[in-house]
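Heads up: numbering here begins at 1 and tracks the sequence.
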Amino acid sequence: MNVTLFKKDPNTYTCNVYLIRGDWNAISDVNTLVDVGTNGFIIDELNTISTGVGKRRVEQIILTHEHFDHTGGLKHIIELYNPKVYAFSKIKGVDYLLKDGMQLKIGDSYAEVLHTPGHSHDSACFYFPKEKVLFSGDTAINIKSPGGSYTQEYVQVIEKLIDRNIEIVYSGHDDPLIGNVKTVLSNTYQNIISSKIIK
């Protein structure tokens, strides 16, 4: 699995956008964007990346949730590359609805789709068990102190992530988290259950 994090547009509030390819750009690999950002700012850089001879530059898009900073550029990417688009919400441009627990080929590997509501009703994470990698979108996994309130549903989200063997997290806005992920998730869980839980 080969992961590219695109440079951000300094003049626009946007999310991290990732391109996932196979290690060898084989015909069978599925070139995949995780989110698309606020506008088409990734297009110039995307067109400089080697994505495989005889392959579409973007074959599919997986959206972590429907918020504009993650989906606003969708129409630009669809117009240029005509990819399949997957999400938990049926917003304009989405072709297929994701389901919790489904397996999806991404690059040269397979990801488990995890429904992780909390930041939004349609938040999703994508977990690659072979690589021990998680794409977390805006699902908060590093809560550093107790306080505030959380839903019981969100407690279950963190429990779901703790059950996975995760060593690298690519988030929707922060720098990649490499190593120490189990400790971060454990501390987050303790801080959540020490806060107010809403049924």
Side-chain angles (χ1 to χ4, degrees), residues 1-6 14-23 28-37 42 46 49 51 56-67 69-71 73-74 77-78 81 83-91 93-142 153-154 156-179 181-182 184-185 188:
M1 184 172 70
N2 188 320
V3 179
T4 299
L5 170 59
F6 288 92
T14 188
C15 69
N16 289 336
V17 179
Y18 302 93
L19 175 67
I20 304 175
R21 295 169 288 151
D23 287 329
S28 59
D29 299 343
V30 183
N31 296 331
T32 303
L33 286 175
V34 181
D35 291 330
V36 293
I42 66 168
L46 177 56
I49 296 171
T51 54
R56 282 194 292 164
R57 195 164 289 278
V58 181
E59 296 176 62
Q60 68 184 6
I61 295 168
I62 53 176
L63 299 174
T64 61
H65 61 296
E66 67 181 1
H67 290 171
D69 55 319
H70 294 254
T71 64
L74 195 55
I77 305 301
I78 290 172
Y81 307 110
K84 298 175 182 177
V85 182
Y86 294 82
F88 270 100
S89 283
K90 187 64 174 165
I91 61 172
V94 170
D95 302 301
Y96 303 100
L97 290 178
L98 296 169
K99 294 182 180 178
D100 186 59
M102 74 184 288
Q103 300 289 316
L104 196 60
K105 186 168 185 183
I106 298 172
D108 56 1
S109 193
Y110 283 86
E112 178 187 12
V113 176
L114 302 174
H115 186 208
T116 55
H119 175 75
S120 65
H121 70 96
D122 64 335
S123 287
C125 292
F126 303 96
Y127 170 60
F128 293 79
K130 181 181 174 184
E131 292 82 6
K132 303 175 184 175
V133 165
L134 182 78
F135 288 81
S136 63
D138 284 0
T139 298
I141 66 165
N142 191 7
E153 191 174 41
Y154 188 65
Q156 293 168 352
V157 164
I158 299 302
E159 290 173 341
K160 185 185 293 188
L161 296 180
I162 287 173
D163 284 343
R164 270 70 185 174
N165 188 9
I166 303 168
E167 294 184 355
I168 300 174
V169 177
Y170 294 103
S171 82
H173 292 276
D174 298 324
D175 292 334
L177 177 61
I178 300 173
V181 175
K182 285 186 180 296
V184 168
L185 285 170
T188 291

Q: Applying ring pair (Phe, Tyr, Trp, His ring centres under 6.0 Å), name anything that partners His119, two or more places apart in sequence or on another chain.
A: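 Partners of His119 under the ring pair (Phe, Tyr, Trp, His ring centres under 6.0 Å) test: His65, His67.
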Q: Are Ile49 and Phe6 side-chain neighbours, meaning at least one heavy-atom pair lies under 4.5 Å?
A: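 Touching, per the 4.5 Å side-chain cut-off.
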Q: Thr32 and Val30: which non-hydrogen atoms are nearest, and at how many Å?
A: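 Thr32 and Val30 have their closest heavy atoms at OG1-O, 2.9 Å.
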Q: Tell me if a side-chain donor or acceptor on Asn16 pairs with a main-chain N or O of Asp174 at a distance below 3.5 Å.
A: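 Checking the backbone N and O of Asp174 against the side chain of Asn16, a donor-acceptor pair under 3.5 Å is found.
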Q: Can you name the closest pair of heavy atoms from Ala111 and Ile106 and give their distance?
A: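 In this case the closest contact between Ala111 and Ile106 is CB-CD1, 3.7 Å.
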Q: Got a donor-acceptor contact below 3.5 angstrom from the Arg57 side chain to the Asn31 backbone?
A: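 Side chain of Arg57 to backbone of Asn31, a donor-acceptor pair under 3.5 Å: no, none is there.
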Q: What heavy-atom pair brings Val157 and His115 nearest, and what distance separates the two atoms?
A: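 In this case the closest contact between Val157 and His115 is CG2-O, 4.5 Å.
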Q: Not counting sequence neighbours, which residues clear side chain to side chain donor-acceptor pair (under 3.5 Å) with Thr71? List them please.
A: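 Expected list: none.
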Q: Looking at residues at least two apart in the chain, or sitting in another chain, which of them share a salt bridge (Lys or Arg N to Asp or Glu O under 4.0 Å) with Glu59?
A: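 If we apply the salt bridge (Lys or Arg N to Asp or Glu O under 4.0 Å) test to Glu59, skipping adjacent residues, the hits are Lys55.
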Q: Would you say Leu98 and Leu104 make side-chain contact, with heavy atoms under 4.5 Å?
A: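 Leu98 vs Leu104: side chains touch.
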Q: Looking at Thr139 and Ser123, what are the two nearest heavy atoms and their distance?
A: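 Heavy-atom minimum between the residues: OG1-CB, 4.1 Å.
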Q: List in chain and number order the residues that pass side-chain contact (heavy atoms from CB on, under 4.5 Å) with Ser136, two or more places apart in sequence or in another chain; answer none if no residue qualifies.
A: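 In terms of side-chain contact (heavy atoms from CB on, under 4.5 Å), with neighbours along the sequence ignored, Ser136 is linked to Cys125, Leu134, Val169, Ser171.
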Q: Pairs in or reaching into residues 101-128: which pass salt bridge (charged side-chain N to carboxylate O under 4.0 Å, His left out), with residues at least two apart or in two chains?
A: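 Passing the test, one end in residues 101-128: Glu112-Arg164.
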Q: Quick one: OH on Tyr86 to CD on Gln60, what's the gap to the nearest 0.5 Å?
A: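 If I round to the nearest 0.5 Å, the distance is 5.5 Å.
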Q: Residues in ring pair (Phe, Tyr, Trp, His ring centres under 6.0 Å) with Phe126, at least two apart?
A: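 By the ring pair (Phe, Tyr, Trp, His ring centres under 6.0 Å) rule, Phe126 matches no residue at all.
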Q: Below 4.5 Å, heavy atoms only, C-beta onward: do Arg56 and Thr51 meet side chain to side chain?
A: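 A side-chain contact under 4.5 Å is absent here.
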Q: With a 3.5 Å distance limit and no angle check, can you tell me whether His70 reaches the backbone of Val34 through a side-chain donor-acceptor pair?
A: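 It does not hold such a pair.
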Q: Salt bridge (charged side-chain N to carboxylate O under 4.0 Å, His left out): which pairs involve residues 128-139, sequence neighbours left out?
A: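 Every salt bridge (charged side-chain N to carboxylate O under 4.0 Å, His left out) pair that includes a residue of residues 128-139, provided the two are not neighbours, is Lys132-Glu167.
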Q: If every non-hydrogen atom of Leu114 is compared with every non-hydrogen atom of Phe88, which pair is closest and at what distance?
A: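 Closest approach of Leu114 to Phe88: O-CE1, 4.3 Å.
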Q: Can you find a heavy atom in the side chain of Leu19 that is under 4.5 Å from one in the side chain of Ile42?
A: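 No - every pair of side-chain heavy atoms lies 4.5 Å or more apart.
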Q: Looking at Asp35 and Leu63, what are the two nearest heavy atoms and their distance?
A: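 So the minimum-distance heavy-atom pair works out to OD1-CA, 3.4 Å.
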Q: Are the side chains of Thr4 and Arg21 in contact, using a 4.5 Å heavy-atom criterion?
A: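 Of all side-chain heavy-atom pairs linking Thr4 with Arg21, at least one is under 4.5 Å.
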Q: Residues in salt bridge (Lys or Arg N to Asp or Glu O under 4.0 Å) with Asp100, at least two apart?
A: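 Asp100 satisfies salt bridge (Lys or Arg N to Asp or Glu O under 4.0 Å) with Lys160 once adjacent residues are dropped.
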Q: Under the rule for ring pair (Phe, Tyr, Trp, His ring centres under 6.0 Å), what residues qualify as partners of Tyr170, not counting sequence neighbours?
A: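 Applying ring pair (Phe, Tyr, Trp, His ring centres under 6.0 Å) to Tyr170 gives Tyr18, Phe135.
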Q: Between Val113 and Lys99, is there a side-chain heavy-atom distance shorter than 4.5 Å?
A: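 With C-beta onward as the side chain, the pair stays apart.
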Q: List for me each residue that meets ring pair (Phe, Tyr, Trp, His ring centres under 6.0 Å) alongside Tyr81, sequence neighbours excluded, and say none if there are none.
A: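 Ring pair (Phe, Tyr, Trp, His ring centres under 6.0 Å) check on Tyr81 returns nothing, list empty.
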Q: Excluding sequence neighbours, so at least two apart, what forms side chain to side chain donor-acceptor pair (under 3.5 Å) with Asp29?
A: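 Checked Asp29 against side chain to side chain donor-acceptor pair (under 3.5 Å); zero matches.
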Q: Could you work out, with side chain to side chain donor-acceptor pair (under 3.5 Å) as the rule, every residue matching Gln156, not counting sequence neighbours?
A: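 Testing Gln156 for side chain to side chain donor-acceptor pair (under 3.5 Å), a comparison that skips the adjacent residues, returns none.
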Q: Is any side-chain heavy atom of Ile141 less than 4.5 Å from a side-chain heavy atom of Leu161?
A: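 Yes. Closest side-chain heavy atoms under 4.5 Å.
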Q: Looking at Met1, is its backbone amide N or carbonyl O close enough to the side chain of Asp23 to form a donor-acceptor pair, meaning the two atoms are under 3.5 Å apart?
A: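 Such a contact is found between Asp23 side chain and Met1 backbone.
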Q: Is the shortest side-chain heavy-atom distance between Val85 and Val94 below 4.5 Å?
A: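 Counting from C-beta outward, Val85 and Val94 do come under 4.5 Å.
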